[in-house]
Colleague: 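Pasting a structure here, questions to come.
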Amino acid sequence: MHRRVWFLAAAAAGVLALAGSAAAMTVSKPSSVHRASVLAPLAGVPRTPAARAAKKTMVFGLEQTVTGFNTLEADENAYYAAIVAGYPIIRGTYLVDQNGNYHFDLASKVKATSKYLKIWIRKNANWNWLGHKARPVTSADFIYTWKQIMDPHNNPASTTGYSNILRAKANGKKAVTFFWKKGQPFADYRDLFSEILPGFALKGQAFNDYWHNCVCGNDGHPVSDGPFYMSGYHQDQDITLKQNPKWYGKKSGLTSIVFRIITDTNSEIQAMRGGEVDAINPSPESALSTLVHQKNLAYSAVPGFTQEHWDLEVGPQGAPLLKKQFVRAAIAEGMNRQSLIKALYGSIAPGLKPLDNPEYEIGTNATGKFAYFHKYNFNPKNAIKLMKAHGCTGGPSAPSSSNTKIWTCGGQKAEFRFGTTTRASRVTSSQIFQQQLLAVGIKIDPNIQDPATFFGTYLPNANFDIGEYAWIGGPDPSGFDAIYQCFNSAKNLGGSNYKRYCNHKVDKLIRKADVNLNATTRTAQYQAAAKLIANQIAVIPLYASPSIFVYKKAIKGAAASNNPTNEGPTWNVQNWKWSS
């Protein structure tokens, strides 16, 4: 999987028939247990935090049900599946920490050149397939994973980067070389092989059928090369992980983790306050403010690797006025992005700032000299000045909250369709920005749609005016290539560029950066592209949605994660333990 996790609705899956033995994982279908305000007891799990601490176990509230754990497969490539089955169970070449930094994981050494990618596998990395003799993680596993992703009969989440590979060669059991197609090295090679499959344990099964309800081998027995293995799954209710005694890394301080499915945020909050769960990673909602200052809880809210933004249709369709750069600038300067952030997240993520770089979501790449979009910060007086300077008439002479006058430019009225989803934060966004833009003589007409309609109809047809939604990226900017490349269906370019922005200088910079293995010059190329994109206002970046992680202070070793593409807060789960 090219490291980008999209929040997908997992496909419905049948129950895998498991071999009946003490080592086989426990699987059951859902019951009709009602969990509106008080959670029903979990069998074998102590009800109080103190009792759980004594047994070195914990309960993690999971906000979304999981119906598949093969996150390399498109229909199971979901964030909450990655929290459970990513780093805790199935490892990859690199580990990405809470700050987006890469560290060797299964690899002990990696060498990338213009001709090949060579990976040395750590000598003590082993598979634990319960009921079987431990086996080493080998070059055969890496090659198997690549072949499964590239198999045309399979449904992989992404072939990006993997399709650049021409062939593979095993250099013994603990090293493997992947040779690039001529002239096609993949500069973001660290995001390849983020999970490695145990091919020997999956014989006789199809890639699209792996792990619907169990991270298991073909006999139903759990398999893992991480600090835990999956020992139980009750659909829509809970998932249990147990400590893997054969893991190569530091022995976990927890003997087990139970992920409890609680799909309502308010119920999550009550369960956290009442001591029924020990950690949650909820959606950012205002009700979380009740947990911010609770003495026994650690509360973390950090910007995630997401880009909430406005797409502006600048291609052949949509409103003609949006093709004018000065109109887009007036729109941007009429929007107080910081006031929106305060309204949405002021009580649960104080300090969150607007995004000012369209290629980089968070961190130093989006601040200081790289904050290219900052020039279009809230400036309503200048928004009106811009419209006047370009001959527009009929608008207000000064910003006013009671204004009803709308600008007309070249016979075209400055009134635009605005589409977004029913997500509460976006409904609020549409209301706030509608008022702010009307104050400077620009009108938007909100059309709030269910996600299926918005993403299935409104955007892909490339005939819209403005749309608000989020891209989910990661530490490397190459994940945004398809958002800004000139659209070319024949060459499979710009597939996510619904706004039909096109700048051939940007395309050239992206092409160079994609094959540039020099980190310094590659970053400079992407920053040059970001500057052009920002100056032309291809999008209006809003903010990086905060990633919320709340856990008992008595659980030591846990750390906030701002990167949903690195399996969220469980990126270092082996370090978690109850304080004595």
Side-chain angles (χ1 to χ4, degrees), residues 1 3 5 23 25 56-58 60 62 66 68-72 76-98 102-108 119 121-132 134-138 141-142 144-145 174 193-202 210-211 213-217 221-233 239-259 279 281 557-559 561 563 565-577:
M1 177 180 66
R3 191 179 294 275
V5 175
M25 196 193 77
K56 296 183 178 182
T57 189
M58 68 170 288
F60 192 120
L62 208 62
V66 181
F69 300 96
N70 178 12
T71 60
L72 295 177
E76 298 182 13
N77 181 29
Y79 175 53
Y80 290 101
I83 285 180
V84 175
Y87 289 156
I89 300 176
I90 300 295
R91 311 293 284 199
T93 305
Y94 287 89
L95 176 148
V96 184
D97 67 20
Q98 78 273 31
Y102 292 81
H103 306 272
F104 288 139
D105 191 6
L106 285 180
S108 59
I119 301 168
I121 305 163
R122 67 163 63 230
K123 294 180 180 179
N124 59 347
N126 292 296
W127 293 107
N128 181 13
W129 186 11
L130 270 66
H132 300 261
R135 296 179 56 149
V137 178
T138 70
D141 298 316
F142 277 77
Y144 174 84
T145 301
K174 286 293 184 175
F193 301 105
S194 58
E195 292 187 4
I196 298 301
L197 298 170
F200 65 92
L202 298 169
Y210 296 163
W211 301 347
N213 52 22
C214 169
V215 182
C216 293
H221 291 62
V223 62
S224 169
D225 63 347
F228 292 87
Y229 64 88
M230 188 176 294
S231 65
Y233 171 88
I239 306 154
T240 300
L241 308 188
K242 288 189 177 180
Q243 187 184 87
N244 177 8
K246 298 180 181 179
W247 185 52
Y248 61 79
K250 176 183 176 182
K251 184 179 179 180
S252 171
L254 296 172
T255 58
S256 64
I257 303 174
V258 179
F259 290 91
N281 180 208
S561 174
N563 185 0
T565 64
N566 69 6
E567 284 73 51
T570 56
W571 69 274
N572 71 338
V573 68
Q574 71 275 5
N575 295 333
W576 298 7
K577 64 179 180 179

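For the numbers below, each heavy atom of this structure counts, side chains included, while hydrogens, waters and symmetry mates do not.
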Colleague: Taking side chain as C-beta onward, heavy atoms only, is Gln574 less than 4.5 Å from Trp247?
Modeller: yes
Colleague: Any side-chain heavy atom of Asp225 within less than 4.5 Å of one from Asn126?
Modeller: no
Colleague: To the closest 0.5 Å, what do you measure between NE2 (His221) and SG (Cys214)?
Modeller: 10.0 Å
Colleague: Any side-chain heavy atom of Leu254 within less than 4.5 Å of one from Met58?
Modeller: yes
Colleague: At their closest point, which heavy atom of Ala85 faces which heavy atom of Pro88, and how far apart are they?
Modeller: C-CD, 4.4 Å
Colleague: Has Lys577 got more than 12 heavy atoms of other residues, nucleotides or ligands less than 6.0 Å from its NZ?
Modeller: no
Colleague: For side-chain hydrogen bond (donor to acceptor under 3.5 Å, both in side chains), just list the numbers for Glu195 and Thr71, CA-CA rounded to whole Å, side-chain angles, deciding distance to a tenth of an Å, and then say yes or no.
Modeller: CA-CA 8 Å; Glu195 292 187 4; Thr71 60; 2.8 Å; yes
Colleague: Within the structure provided, determine whether Phe200 and Trp127 are in side-chain contact (heavy-atom separation under 4.5 Å).
Modeller: yes
Colleague: Just do the side-chain contact (heavy atoms from CB on, under 4.5 Å) check on Leu62 and Val84 with the steps written out, would you?
Modeller: CA-CA 9 Å; Leu62 208 62; Val84 175; 3.8 Å; yes
Colleague: Heavy atoms, side chains only, cut-off 4.5 Å: are Trp129 and Arg135 in contact?
Modeller: no
Colleague: Would you check if Ile89 and Met230 make a side-chain contact, meaning some heavy-atom pair closer than 4.5 Å?
Modeller: yes
Colleague: For Ala125 and Leu106, which heavy atoms make the closest approach, and how far apart are they?
Modeller: CB-CD2, 3.9 Å
Colleague: Is the ring pair Phe60/Phe259 parallel, tilted or perpendicular, if the boundaries are 30 and 60 degrees?
Modeller: tilted
Colleague: I'd like to know if the side chain of Thr240 reaches the main chain of Ser231, judged simply by a donor and an acceptor atom lying under 3.5 Å from each other, with no hydrogens or angles considered.
Modeller: no
Colleague: The test is side-chain hydrogen bond (donor to acceptor under 3.5 Å, both in side chains); show your working for Asp97 and Tyr102 and say whether it passes.
Modeller: CA-CA 7 Å; Asp97 67 20; Tyr102 292 81; over 6 Å; no
Colleague: Calculate, to the nearest 0.5 Å, the distance between atoms OG and OH belonging to Ser194 and Tyr87 respectively.
Modeller: 7.5 Å
Colleague: Indicate yes or no: at least one non-hydrogen side-chain atom of Phe69 is less than 4.5 angstrom from one of Tyr233.
Modeller: yes
Colleague: Can you give me the closest heavy-atom contact between Ala134 and Lys246, atom names plus distance?
Modeller: CB-CD, 4.0 Å
Colleague: What's the separation between atom OG1 in Thr255 and atom CG in Leu241, rounded to the nearest 0.5 Å?
Modeller: 11.5 Å
Colleague: List the steps and the verdict of side-chain contact (heavy atoms from CB on, under 4.5 Å) for Asp141 and Leu197.
Modeller: CA-CA 6 Å; Asp141 298 316; Leu197 298 170; over 6 Å; no
Colleague: Starting at OG of Ser252, measure out to CD1 of Ile257 and round the result to the nearest 0.5 Å.
Modeller: 6.0 Å
Colleague: If you define the side chain from C-beta out and look only at heavy atoms, does anything of Ile239 sit under 4.5 Å from Tyr80?
Modeller: no
Colleague: Look at Asp105 together with Arg91 and state whether they make a salt bridge at an N to O cut-off of under 4.0 Å.
Modeller: yes
Colleague: Between Ile196 and Tyr144, is the side-chain contact (heavy atoms from CB on, under 4.5 Å) condition met? List the steps.
Modeller: CA-CA 9 Å; Ile196 298 301; Tyr144 174 84; over 6 Å; no
Colleague: To the nearest 0.5 Å, how far apart are CZ in Phe142 and CZ in Phe193?
Modeller: 7.5 Å
Colleague: For residues Pro569 and Trp576, report the shortest heavy-atom separation together with the two atoms involved.
Modeller: O-CZ2, 3.1 Å
Colleague: If we ignore hydrogens and angles and just use 3.5 Å, is the side chain of Asn575 paired with the main-chain N or O of Gly557 as donor and acceptor?
Modeller: no
Colleague: Decide side-chain contact (heavy atoms from CB on, under 4.5 Å) for Lys251 and Gln243; before the verdict, give the C-alpha distance in whole Å, the side-chain angles of both, and the deciding distance to 0.1 Å.
Modeller: CA-CA 8 Å; Lys251 184 179 179 180; Gln243 187 184 87; 3.2 Å; yes
Colleague: Please check: side-chain N/O of Lys174 versus main-chain N/O of Pro136, any donor-acceptor pairing under 3.5 Å?
Modeller: no
Colleague: At what distance, to the nearest 0.5 angstrom, does CG of Asn244 lie from CZ of Phe228?
Modeller: 9.5 Å
Colleague: Closest approach of Leu202 and Cys216, non-hydrogen atoms and distance?
Modeller: CD2-O, 3.7 Å
